[in-house]
Protein chains: 2
Amino acid sequence: MKIGQLSKVSGCSIQTIRYYEKEGLLNSPNRSEGNFRLYDKRALKELEFVKHCRSLDIPLSDIKTLLALKNKPEESCSSINNLIANQLDLVNKRIKELRVLKTELQLMKKACSTDNTVERCGIMKTLND
Amino acid sequence: MKIGQLSKVSGCSIQTIRYYEKEGLLNSPNRSEGNFRLYDKRALKELEFVKHCRSLDIPLSDIKTLLALKNKPEESCSSINNLIANQLDLVNKRIKELRVLKTELQLMKKACSTDNTVERCGIMKTLND
DNA sequence: ATAGAATCTATAGTTACTATAGAGTCAAGT
DNA sequence: ACTTGACTCTATAGTAACTATAGATTCTAT
C-alpha cells in the first residue's frame, strides 16, 4: 500500500509518517518505479507500535531505545521497566502541577463572576499579585 | 538595575527577559551610556505579571491580550473572564488525559515487575497491542 | 593597564509535528 | 493521445517558549 493508505489505516498523517522515517523510527520502505513508498502489514505494525508509545507521551528518543531493544530479545528488559517508571513519574508530577493550576484558576474565576470594567476585574487584581 | 539583577530578583533568566522584550511583553527599558538595559521597580512589576501568567500556563499571546487590556481600565473585562475560563477548561482536559495515561502506565508497570528478557517483557508485550 | 565579569546582538537548537511550494507520477475519461 | 485530477515526492519554513552559543563591547577592580 502507498503512504496515503497507510495514513488512513493508521490514523497518522502522511507528513508524520515521513517524519518518523526520517527520524529513524520506521524502516525505509521499498519504493515503486515512480519512487512512491510501498508499505506492507509489517510496516503498519511498526507504525502502530510507535503510535501506541506516543499515545503514552513517550518521547521519540525513548521510542528509539525501545525499538533497538526489540531487536535484542535476549537482553534484560530492566531499561524498559525504568523507562516506563520514569514516564509514570513524569505524568504524576504533571498531574500534581496541573491540580495546583486548576485550584488557582478556579479561585480566579470566582474572583470575577460578573461583568466588570477591567479596572475592577477581580481576575486582573489577582494577576497583579 | 541591570538585567542580571532583574534576573536574580525575578527568577527569570536573562535570555527570557530579553525574549519577552523582543516579543513585546515588556517595554523596552532605557539604556545606559554603554547600551546596557536599565530597569526600575515598575519594570519588575511588569515582569512579575508576565511570570504569574506563565505560571498559570497562559500562552504569551494571551498575556499580550491581558497587557493590552490593562491599559484600557474602562473596558469590559469579559474577555479576561473568558480567557481564564478557557485556560481552566484546558487544564481540566489535560488532567483527564493524564489520568488515562497514568492508568495505562501503571498497568504496564505491573505487567513486568521482575527482571526478564526483552522477549518476555510484559511491558513490551502490551506495547505491541 | 589589564583581567574578569557582565552585557550586547544575532543566530541556531530544542520537540514533535504541521504546512507549504514546486515538481513528478499515475489512473481514468475523452 | 491527451488531459485532468488525485496522489506522491523532496526540501524548506513555521509553531511555542524558551535555551545555548559565538563573538564583540562595556564595566569594575586591581
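Quick note on labels: first sequence line is chain A, next is B, and so on, each numbered from 1. As the structure is a computational prediction, the values presented were derived from the model and not from experiment.
- Look at B:Ser13 and you'll find a side-chain N or O under 4.0 angstrom from OP1 or OP2 of D:dT19.
- Rounded to an integer number of Å, the gap from B:Asp57 CG to D:dA17 C1' is 11 Å.
- Comparing C:dC8, D:dT8, C:dC26 by their nearest atom to the side chain of B:Arg18 picks out C:dC8.
- Here the side chain of A:Ile3 is nearest to one of D:dT8, D:dC27, C:dC8, namely D:dT8.
- Nucleotide C:dA6 holds its P atom 14 Å from the CD1 atom of B:Ile17, rounded to whole Å.
- To the nearest 0.5 Å, atom CG of residue B:Leu101 and atom CG of residue A:Leu90 are 11.0 Å apart.
- OP1 or OP2 of C:dT18 sits under 4.0 Å from a side-chain N or O of A:Thr16.
- Which of C:dC17, D:dC27, C:dT18 sits closest to the side chain of A:Leu60 comes down to C:dC17.
- Position along DNA chain C of the nearest nucleotide to A:Ile58 versus B:Lys8 favours B:Lys8 as the more 5'-ward residue.
- Proximity of a side-chain donor or acceptor of B:Lys72 to a complementary backbone N or O of A:Val118 within less than 3.5 Å is not detected.
- OP1 or OP2 of C:dC17 has at least one side-chain nitrogen or oxygen of A:Tyr20 nearer than 4.0 Å.
- In this structure, of D:dA17, C:dA6, C:dT9, it is C:dT9 that holds the atom nearest to the side chain of B:Arg31.
- Under a 3.5 Å cut-off, the side chain of B:Gln87 and the backbone N or O of A:Leu105 do not form any donor-acceptor pair.
- Atom P of nucleotide C:dA10 and atom CD of B:Glu21 are separated by 12 Å, given to the nearest angstrom.
- Salt-bridge annotation for B:Arg18 and B:Glu21: absent, with no side-chain N of the basic residue lying under 4.0 Å from a carboxylate O of the acidic one.
- Between B:Asp62 atom CG and D:dA16 atom C1' there is a gap of 13 Å when expressed in whole angstrom units.
- Closest to the A:Gln15 side chain, of the nucleotides C:dT18, D:dT19, C:dC17, is C:dT18.
- With salt bridges taken as basic N to acidic carboxylate O contacts below 4.0 Å, none links B:Glu48 and B:Lys51.
- Looking at the side chain of B:Asn35, the nearest of the listed nucleotides C:dC8, D:dT19, C:dC17 is C:dC8.
- Distance OH (A:Tyr19) to P (D:dG14): 17 Å, rounded to an integer number of Å.
- Atom-to-atom distance recorded for A:Glu104:CD and B:Ser55:OG is 5.5 Å, nearest 0.5 angstrom.
- Map B:Gly34 and B:Pro59 each onto its nearest nucleotide of DNA chain D; the residue landing nearer the 5' end is B:Pro59.
- Per the geometry, CD belonging to A:Glu33 stands 17 Å off P belonging to D:dT8, to the nearest Å.
- To the nearest angstrom, P of C:dC17 lies 8 Å from CD1 of A:Ile63.
- Here D:dT10 is the nucleotide among D:dT10, C:dT25, C:dC17 with the atom lying nearest to any side-chain atom of A:Arg37.
- Note: NZ (A:Lys22) to C1' (C:dT15) measures 13 Å, nearest angstrom.
- Among the nucleotides D:dC9, C:dC17, D:dC27, the one closest to any side-chain atom of B:Lys2 is D:dC27.
- For A:Ile14, counting side-chain heavy atoms from C-beta on, the closest listed nucleotide (C:dA16, D:dT8, C:dT18) is D:dT8.
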